[in-house]
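Reminder, nothing fancy here: chain letters follow the sequence lines and each chain counts from 1. When reading the values below, keep in mind they use all heavy atoms of this one structure, side chains included, and skip hydrogens, waters and symmetry mates.
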There are 2 protein chains.
Amino acid sequence: MNNKDIFAEKLRSSGLRPTKQRIKICKLLFDRKDTFHFTINDLNNSIKSITTEQISLATIYNTIHAFKNKGYLKEISINSDKTYFDTNVSNHHHFFDENKRQLIDLDDKHVGKIKIKKTLPGKKIKSIEVLVKVVNNS
Amino acid sequence: MNNKDIFAEKLRSSGLRPTKQRIKICKLLFDRKDTFHFTINDLNNSIKSITTEQISLATIYNTIHAFKNKGYLKEISINSDKTYFDTNVSNHHHFFDENKRQLIDLDDKHVGKIKIKKTLPGKKIKSIEVLVKVVNNS
DNA sequence: CATAAATTTATAACGATTCTAAAGTAGAGT
DNA sequence: ACTCTACTTTAGAATCGTTATAAATTTATG
Ligand SMILES: [Mn+2]
Ligand SMILES: [Mn+2]
Ligand SMILES: [Zn+2]
Ligand SMILES: [Zn+2]
């Protein structure tokens, strides 16, 4: 079974029809060794650079939101002009390089155990994210 | 010396002319016991509710950016449609209530000491922020 | 093939933020 | 107090990432 069929199967089993647009985006996002961070604009540029048959921007947004809702992508909380997504959906943290405007993974094991010693009545914790902003040394 | 003069003096000593718009915003932001979080829209509404002589939206943006650059306000890193500001400029962390879309302070002492065990060559740490997303219990 | 539901698409709309350029104001010097 | 200049305010336009719309196309199913 080739990649196309694997992705098609995965999409189908998630209740998403395996269109050629979605499979192309799957290949770009998930058919690689390492996870990575991207913006919609990054992705749009990647698509344009590898193919002649382009995908409409609306479809890119639709697809990324669908993948995020299915848990295949994570949206990173960073106050920026653009939204960042992450193909690494495990619990982990980030450096944000303010010069390159780029996210870098910070594994759970690189961050001391975080214990929140305060509770909010009627609320439960959904996630705990650490963002370490870095800038050039000089 | 009344509040107006105190704020005027503070503005002047920061290299900002104490205009009536800036002093009005100072009173709203800093003339209170507790620090708080707000968006530009929140602030605009507050201004409209306490006074008849309104301040143009452009001036509100200008002023908030000036105050932030002078270190009187902090911008909170949260991926939202709007930018959140904080009159608490000390090192601290946040809960973000996803139902109310509201920030709540999380004191340094309520978060276990954070030790980042990874370094990036040529980069230095500018800030470490913990964001704890919470939702309603039910 | 027939049909219904899902998807894609181009384009419009939206909304937060920034830009522009003209009018107004504050502080320094005279 | 008058002048000058730099700073500030302002309304409105522009920008730009994102979302909504509605028509055309594609997919899944019988
Ligand atoms: Mn920002
Ligand atoms: Mn968002
Ligand atoms: Zn990551
Ligand atoms: Zn705070």
Side-chain angles (χ1 to χ4, degrees), chain A residues 4-5 7-26 28 37-48 51-70 72-73 75-85 101 103, chain B residues 4-5 7-26 28 37-48 51-70 72-73 75-85 101 103:
Chain A
K4 182 171 177 300
D5 293 334
F7 288 132
E9 186 45 42
K10 186 159 186 178
L11 286 167
R12 228 184 310 261
S13 73
S14 307
L16 297 173
R17 291 184 179 175
T19 63
K20 64 176 189 300
Q21 291 86 349
R22 285 175 175 161
I23 286 169
K24 181 168 288 174
I25 290 173
C26 275
L28 275 167
H37 309 97
F38 66 94
T39 64
I40 295 288
N41 188 51
D42 295 336
L43 181 56
N44 194 24
N45 288 338
S46 301
I47 292 167
K48 282 192 290 198
T51 186
T52 51
E53 13 173 7
Q54 72 118 45
I55 301 178
S56 105
L57 193 54
T59 297
I60 297 176
Y61 274 100
N62 289 342
T63 301
I64 294 308
H65 287 145
F67 287 3
K68 180 194 156 195
N69 290 336
K70 295 297 179 183
Y72 303 141
L73 289 175
E75 189 176 329
I76 304 301
S77 257
I78 181 178
N79 187 7
S80 163
D81 46 338
K82 296 177 186 162
T83 300
Y84 284 77
F85 294 92
R101 301 196 69 70
L103 286 164
Chain B
K4 183 173 176 299
D5 293 334
F7 289 132
E9 186 46 42
K10 186 158 186 178
L11 286 167
R12 218 174 270 119
S13 73
S14 308
L16 298 172
R17 291 185 180 172
T19 63
K20 65 176 188 301
Q21 291 88 345
R22 285 174 175 163
I23 286 168
K24 180 168 289 175
I25 291 173
C26 275
L28 274 167
H37 309 97
F38 65 95
T39 64
I40 294 288
N41 188 51
D42 294 337
L43 181 56
N44 194 25
N45 288 338
S46 301
I47 291 167
K48 282 192 290 198
T51 185
T52 50
E53 16 172 6
Q54 72 119 44
I55 301 179
S56 103
L57 193 55
T59 298
I60 297 176
Y61 274 100
N62 288 342
T63 301
I64 294 308
H65 287 146
F67 287 3
K68 180 196 157 193
N69 290 336
K70 294 297 178 183
Y72 301 142
L73 289 174
E75 190 176 329
I76 304 302
S77 257
I78 181 177
N79 187 5
S80 162
D81 47 337
K82 297 177 185 162
T83 300
Y84 285 76
F85 295 93
R101 300 196 69 71
L103 286 164

Polar contact flag, side-chain donor to acceptor under 3.5 angstrom, Thr59(B)-Asn62(B):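 Short answer, no.
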Answer yes or no: does a side-chain N or O of [X] lie under 4.0 Å from OP1 or OP2 of [N]?
{"X": "Arg22(B)", "N": "dT8(D)", "result": "yes"}
{"X": "Arg12(A)", "N": "dT27(D)", "result": "no"}
{"X": "Thr19(B)", "N": "dA26(C)", "result": "no"}
{"X": "Gln21(B)", "N": "dT25(C)", "result": "no"}
{"X": "Gln54(B)", "N": "dA11(D)", "result": "yes"}
{"X": "Thr59(B)", "N": "dT10(D)", "result": "yes"}

Nucleotide of dT25(C), dT10(D), dT11(C) approaching Ser56(B) most closely (side-chain heavy atoms):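 Side chain of Ser56(B) sits closest to dT10(D).
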From dA5(C), dT9(C), dT8(D), nucleotide with atom closest to Arg17(A) side chain: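 Nearest to the side chain of Arg17(A) among the choices is dA5(C).
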The helix from dC1(C)-dG30(D) to dT30(C)-dA1(D): angle between end helix axes, five pairs per end, rounded to 10 degrees: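 Helix axis angle between the two ends: 30°.
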Pairing residues for Lys48(B) by the salt bridge (Lys or Arg N to Asp or Glu O under 4.0 Å) criterion, not counting sequence neighbours: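 Not a single residue meets the salt bridge (Lys or Arg N to Asp or Glu O under 4.0 Å) criterion with Lys48(B).
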Pairwise 5' ranking along DNA chain C for Lys20(B) and Ala58(B), keeping only the more 5' one: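 Closer to the 5' end of DNA chain C: Ala58(B).
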Other residues, nucleotides, ligands: >12 heavy atoms within 6.0 Å of Lys24(B) NZ: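 Above 12, so yes.
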side-chain contact (heavy atoms from CB on, under 4.5 Å) assessment of Thr63(A) paired with Leu16(A): CA-CA 10 Å; Thr63(A) 301; Leu16(A) 297 173; over 6 Å; no
Extract from the structure each pairing of a protein N or O with an N or O of nucleotides 16-18 of chain D at less than 3.5 Å, listing the distance.
unit_1: dT18(D); atom_1: OP1; unit_2: Thr83(A); atom_2: N; d: 3.0
unit_1: dT18(D); atom_1: OP1; unit_2: Thr83(A); atom_2: OG1; d: 2.7
unit_1: dT18(D); atom_1: OP2; unit_2: Tyr61(A); atom_2: OH; d: 2.7
unit_1: dT18(D); atom_1: O5'; unit_2: Tyr61(A); atom_2: OH; d: 3.3

Nearest-angstrom distance from the residue atom CD1 of Ile55(A) to C1' of dT7(C):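 Nearest whole value for this atom pair: 12 Å.
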